[in-house]
A.B. asks: 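Once you've had a glance at the structure underneath, I'll fire off some questions.
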Number of protein chains: 2
Amino acid sequence: MLNLTLEDIARMAGVSRSTVSRVLNEHPNVRQEVRERVWEVIRRTGYHPNAAARTLASQRSWVIGLVLPRSVSSFFTDPYFPHLTQGIAQACNQHNYTLSLFLVATKEDEEKIFPRVSRKGSLDGILVQSGEIGDQLIDRLVESSVPLVIIGRPFHTEGVSYIDVDNVSAAETAVRHLLELGRRRIGLISGPFNTTVGRDRYDGYLHALASYGIDVDRALVAEADFTEVGGYTAMQRLLPAKPDAVFAASDLMAIGAMRAARDAGLRVPEDIAFVGFDDLPIATMASCPLTTIRQPVAEFGVKAVETLIDVIENGLEPPRQVIMGTELVVRASSGAEQRGIA
Amino acid sequence: MLNLTLEDIARMAGVSRSTVSRVLNEHPNVRQEVRERVWEVIRRTGYHPNAAARTLASQRSWVIGLVLPRSVSSFFTDPYFPHLTQGIAQACNQHNYTLSLFLVATKEDEEKIFPRVSRKGSLDGILVQSGEIGDQLIDRLVESSVPLVIIGRPFHTEGVSYIDVDNVSAAETAVRHLLELGRRRIGLISGPFNTTVGRDRYDGYLHALASYGIDVDRALVAEADFTEVGGYTAMQRLLPAKPDAVFAASDLMAIGAMRAARDAGLRVPEDIAFVGFDDLPIATMASCPLTTIRQPVAEFGVKAVETLIDVIENGLEPPRQVIMGTELVVRASSGAEQRGIA
DNA sequence: CAGGAAATTGGGAGCGCTCTCAAATCTCAA
DNA sequence: TTGAGATTTGAGAGCGCTCCCAATTTCCTG
């Protein structure tokens, strides 16, 4: 039962290797009767074709890699990544691909992982999370001309496929929501400015203020790192500037920030309103349910896989650039209901 | 640069295919001068050996699979799994293995994944998270006689390799800590009773009570599912029985439970003390820093990988059964300091 | 019932590597 | 200088599959 080969099955079914291969790969042009006889033998023996041999002969591994670069240190702190991974894993399974996970923690990791990832014959394609703007990893992957889809817009977009949400307008919507509720001293807890997502959400914040003719007050902007602790300390830096609302570029930071505001004796949302970004389950479970931008994280992962499969099957050109929609989810933390009642 | 083979490198270096193979695999018995010449060509051309061909010829894929069964629905809610995965990924990288991730969400997933996982030639070994006691997945994997290490003690332990912490004594330590602080109506928010980890921590709770001659009050025991929401609702069920302390079988549940206690107007730890389990970063960030059992989650992952590699290299027998230590970490939630001061 | 087209089947040549074995080369003591 | 033994190298036979091509069989149509 252990080391059966195509040849063995062929002998047992009284046909040739080629015919068994045809049956296995669902090629047409095999007589129904023969097809059934072969399947019967396969089932009875519990035969599974050898993946390596298949890959070698067909130049197709049915494996895709998910690469999370060094800068994504928050893999295990921010629920965003598990959710994304979940969506990706599910889609891989759906499409009969196997998912390999490459967590790049250090520079040495990167050197070790790189050959494994870019080498032909082990991976059909790569999904890589966009990271810091200076990071060479993505450029190196692009150069290796392996089918590649970047999760989150990279800094250089010419000729590369990526998938993202429209962070600028999503952030603008979030901040506008606060403006519409009458808040005027709106703080921003941004993501890192050396990431496109950090910059984009900052730009959205600026646009919203500009549309209301409000000048940006630098004391109302604090850069953080997408973590809860980062949100907490950023909020402490913002407090002296007396914001009456804060847009945080992730739910986790919003939760940290709310905690900091509470610890400073402020009431949410009466004294200070909050809007987050992501709409992960924690958003509803926060001490004050969070108004936030919902992005379809799991579907995002699914779409990334499907885009990558498209690239694998139909070539790198033209670059696929997919932008997914977001929506504002209003809950208690922005004080929308208070105002409605008042 | 793209489709170089061993043969090409051999020709360019003026040696045979075999010699290049020897150089690549660091076999001895290659003249220093030749070795360097070959490396030089490899470096210059950017050649990487084809993984599939290597696997086919050597019957070794250098890939291990991490299988998370259906019952582990909390992959994306409980930070435990990302931490574990992180440890595993890091160790894989260290040992030059590639990690493939198999998230089993549905029965169909399981059917799709199973052949990919048990088939020879794609995976050198498997790490599988222990799940519900009735789950057939592990039994099927054991039968397929692929090198296997189970994360968390499975229900049937004969002949299988696994790695776990001593949940019984860890839980006992946690509950004893509360008893030593003078608490007597100690509630338990347990994990699911259809998991070994759920049962073990329950047993530890019983042992601790027994050692103080306290009879267990069924109204003080609530089964939950390791989620924060589960902890919250379990706490609500416990409240009528007026516990003065609660041991929750995970930090996440402890946090949910504390929130429920607060929402019911109780003060932590004055009115009710809490002890959790895991000591993940969220434990320190809780509204009241959590006394908890620290288990070495990331090292756990590392150890699992190392144990699996041992099994891969030295055979399935004898079964490796590794138990790792835990320690009690005292913070504010158990009220130890109050008592110290009083 | 012939004859050609279509459907079905088998054989062979790889895919790119590892590994055994024998040949070639080198080393050094006598 | 020679030859036994050690070291280094190359040739060849797979690993188990896919896929092309040619051979065989089946199916129609007139």
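Chain letters run A, B, ... following the sequence lines, proteins first, then strands; residues in each count from 1.
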A.B. asks: Quick one: which of D/dT18, C/dA7, C/dG10 gets closest to the side chain of A/N29?
C.D. replies: C/dA7

A.B. asks: Which listed nucleotide (C/dC15, D/dC19, D/dC17) is nearest to the side chain of A/H27?
C.D. replies: D/dC19

A.B. asks: Would you mind telling me which residue lines up with the more 5' stretch of DNA chain C, B/L24 or A/G14, judged by nearest nucleotide?
C.D. replies: A/G14

A.B. asks: Could you state the CD1-C1' distance from B/I9 to C/dC17, rounded to the nearest angstrom?
C.D. replies: 13 Å

A.B. asks: Check B/D310, B/T307, B/N314 against B/R320 for a side-chain hydrogen bond (donor to acceptor under 3.5 Å, both in side chains) and give me the one that passes.
C.D. replies: B/D310

A.B. asks: Looking at C/dT18, I'd like to know if its phosphate oxygens (OP1 or OP2) sit under 4.0 Å from a side-chain N or O belonging to B/N25.
C.D. replies: yes

A.B. asks: Give, for atom CG of B/N93 and atom CD of B/Q90, the distance between the pair rounded to the nearest 0.5 Å.
C.D. replies: 8.0 Å

A.B. asks: Tell me which of A/R31 and A/R22 sits closer to the 5' end of DNA chain D, going by the nucleotide each one is nearest to.
C.D. replies: A/R22

A.B. asks: D/dT18 base to A/R17 side chain: any donor-acceptor pair below 3.5 Å?
C.D. replies: yes

A.B. asks: Using the side-chain heavy atoms of B/S18, tell me which of these nucleotides is nearest: C/dC15, D/dG12, C/dT18.
C.D. replies: D/dG12

A.B. asks: Run the salt bridge (Lys or Arg N to Asp or Glu O under 4.0 Å) check on B/D8 and B/R11 step by step: do they pass?
C.D. replies: CA-CA 5 Å; B/D8 297 324; B/R11 203 174 317 111; 3.5 Å; yes

A.B. asks: Please tell me which of the listed nucleotides, D/dC17, C/dG12, C/dC17, lies nearest to the side chain of A/P49?
C.D. replies: D/dC17

A.B. asks: Below 4.0 angstrom from OP1 or OP2 of C/dG16, is there any side-chain N or O of B/Y47?
C.D. replies: no

A.B. asks: Hey, does the side-chain of A/T19 have a donor or acceptor N/O within less than 3.5 Å of a partner on the base of C/dG10?
C.D. replies: no

A.B. asks: Does C/dT18 have OP1 or OP2 under 4.0 Å away from a side-chain N or O of B/S58?
C.D. replies: no

A.B. asks: What is the distance from CZ of B/R60 to C1' of D/dG16, rounded to the nearest Å?
C.D. replies: 19 Å

A.B. asks: Is the charged tip of A/R35 near the ring of A/W39: under 6.0 Å from the six-membered ring centre and within 45° of its axis?
C.D. replies: no

A.B. asks: Is the phosphate of C/dG10, meaning OP1 or OP2, less than 4.0 Å from a side-chain N or O of A/S16?
C.D. replies: yes

